[in-house]
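Take a look at the structure below.
Order of listing sets the numbers, starting from 1, for every ligand and every atom in it. What you see below is based on every heavy atom in this structure, not just the backbone, and it leaves out hydrogens, waters and symmetry mates.
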Amino acid sequence: MASLQPVRGTQDLLPDAQRRHRAVIDTARDLAARYGYQEIATPIFEFTDVFSRPIGETSDIVSKEMYTFTDRGGEEITLRPEYTAGIVRAIMSNGLTQSLPQKLFGAGPMFRYERPQKGRFRQFHQIDVELIGVAQPLGDVEIISLAANILDAFGILKRTVLELNTLGDTASRVAYRAALVEYYAGHRDGLSEDSLRRLEKNPLRILDSKDEGDKRINADAPLFEKYLTPEAQDFFGKVKSGLDTLGIAYQVNSRLVRGLDYYCHTAFEFVTTDLGAQGTVLAGGRYDGLMGVMGGPETPGVGWAAGIERLALLIDEPAPPPRPITLAPLGDKAEAIALGIAQSLRKAGFNIDLGFSGNLKRRMQRADKIKARAVVILGDNEIEKQIAAVRDLDTGEQVEVALGLLEERLKPFR
Ligand code: ATP
Ligand code: MG
């Protein structure tokens, strides 16, 4: 017997919850369009390589969180854990490297095998913005400003802090990496097993560790600032002054690193204290190395993703759905006529909830429950006289309306 429960870490989005999700996506998509970002949709699953190559074997995502399987044809497949790699793959697959920059917006489900808790699921949803083919710091400023505008439209910008950091260019990272290796080598005894592995492959990731012992060691780790090349400093300076120009407040957090190998320069997160431990609502950064790592031409890119579930917890209640008009045909004859009436009213733009069964009392109860604005009652008597009884559910007032005038008389209830 199959279990009646959804799989752990997944959830049903019943209409009220789905309306909140939809509100997040629609607002974000509309604002993204104002910046010239067009919506893209890529497949929910890809060849495993698409993610494992660029994301890197030592990352949490690849080593522990991916839903990977071999399909019936023997292909190694992974349910996408994030959007960026799939979008970059799509740009290469479709020859769009010839028409850069690409400004793209996406929204959809992501899959990570994590320990479910508040704001953390195994199937969750993201909105995602990518600007590909722009190497200038103005690109970073643009996507951060789009993020801030979206959060502002949700009324939650004021409840978040923008944390900003730079991961520098390659030369900066090589120098910093050497300094980190030296520092952590002196603290091997205190490092978690994961971090000992990271020390071999990517010591920068230790800074991102959630292990308490690692965090204590991180407190005294060398700071990136000192190892930035003049070029990297200049880039970061331009991002900061762009944000200043726009009046977007930020806090530089030199511990903010991205877990992924291909990130460089700008890293940022919008963090709130309103969600407990799962406080990051939106995270992004520059990934100039990504397309090259994936086997394409070296192409700069910068982008971000935000968790829709976390945003949906924070936004105000979205507008309720439009109130329908209930059509209550009582009897066979009335039913046949009601079908046609429902059809023409819907064509005229009314939301019609056609009742299927029950006496008048039951139908009125249902109309109440679905918050109908009015009920159109069609009984044998009414049909005989070619009229309908129309009851305003807000005032309780009921009038008789000739069937030919129904559309006109229902207009106030639309
Ligand atoms: P965290 O540190 O919370 O695990 P992350 O660094 O893995 O986050 P990203 O890969 O940057 O997260 O994803 C961007 C955003 O997607 C996060 O800021 C968060 O809002 C959301 N997100 C990530 N993982 C989950 C999840 N398992 N459930 C719900 N939302 C998530
Ligand atoms: Mg994570």
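Listed by number with element, the atoms of ligand 1 under 4.0 angstrom from any heavy atom of Val281 are 18 (O), 20 (O). Of all atoms in ligand 1, listed by their number and element, those nearer than 4.0 Å to a heavy atom of Thr280 are 17 (C), 18 (O), 19 (C), 20 (O). Short contacts between ligand 1 and Ala283, defined as distances under 4.0 Å to a heavy atom of the residue, involve ligand atoms 11 (O). Close contacts between ligand 1 and Lys210 involve ligand atoms 1 (P), 2 (O), 4 (O) [criterion: under 4.0 Å to a heavy atom]. Near Glu114, meaning under 4.0 Å from any of its heavy atoms, are these atoms of ligand 1: 24 (N), 25 (C), 26 (C), 27 (N).
A cation-pi contact, defined as under 6.0 Å to the ring centre and within 45° of the axis, is absent between Arg122 and Phe111. A cation-pi geometry, defined here as NZ or CZ lying under 6.0 Å from the six-membered ring centre and within 45° of its normal, does not hold between Arg188 and Tyr184.
Screening Arg373, Lys369, Arg346, Arg366 for a salt bridge (Lys or Arg N to Asp or Glu O under 4.0 Å) with Asp353, the sole residue that qualifies is Arg366.
Ranking the protein heavy atoms by distance from atom 6 (O) of ligand 1 puts Arg258 NH2, 4.6 Å first. When only non-hydrogen protein atoms are considered, atom 4 (O) of ligand 1 lies nearest to Arg120 NH1, 2.9 Å. Counting only heavy atoms of the protein, atom 21 (C) of ligand 1 lies nearest to Gly307 CA, 3.6 Å. Shortest contact from atom 28 (N) of ligand 1 to any protein heavy atom: Phe121 N, 2.9 Å. Atom 29 (C) of ligand 1 has Gly119 O, 3.2 Å as its closest protein atom, hydrogens excluded (heavy atom only). Closest to atom 19 (C) of ligand 1, if we only count protein heavy atoms, is Arg310 NH1, 3.3 Å.
Neither the backbone nor the side chain of Glu309 has a heavy atom within less than 4.0 Å of ligand 1. At a 4.0 Å heavy-atom cut-off, ligand 1 touches Gln126 through the side chain alone.
The option from Met110, Arg112, Glu82 that lies nearest to atom 10 (O) of ligand 1, judged by heavy atoms, is Arg112. Nearest residue to atom 25 (C) of ligand 1 from Phe111, Phe124, Trp304 is Phe124 (criterion: closest heavy atom).
Under the 3.5 Å distance criterion, the side-chain polar atoms of Arg173 are matched with a main-chain donor or acceptor of Leu167.
Atom CZ of Phe45 has 12 or fewer neighbouring heavy atoms from other residues, nucleotides or ligands inside a 6.0 Å radius. In the displayed structure, Gln251 atom CD is contacted under 6.0 Å by at most 12 heavy atoms of other residues, nucleotides or ligands. Arg362 CZ: 12 or fewer foreign heavy atoms inside a 6.0 Å radius. Around atom CG of Asp394, more than 12 heavy atoms belonging to other residues, nucleotides or ligands sit under 6.0 Å away.
For the pair Ala306 and ligand 1, the shortest N or O to N or O distance does not fall below 3.5 Å. On a distance-only criterion, Ala305 and ligand 1 share no N/O pair closer than 3.5 Å.
Taking the charged nitrogens against the carboxylate oxygens, Asp49 and Arg89 have no contact shorter than 4.0 Å, which rules out a salt bridge. A salt bridge is defined here as a Lys NZ or Arg NE, NH1 or NH2 lying under 4.0 Å from an Asp or Glu carboxylate O, and Asp140 with Lys240 fails to meet this definition.
Considering every non-hydrogen atom in both Ser172 and Thr229, the closest pair reads OG-N, 3.1 Å.
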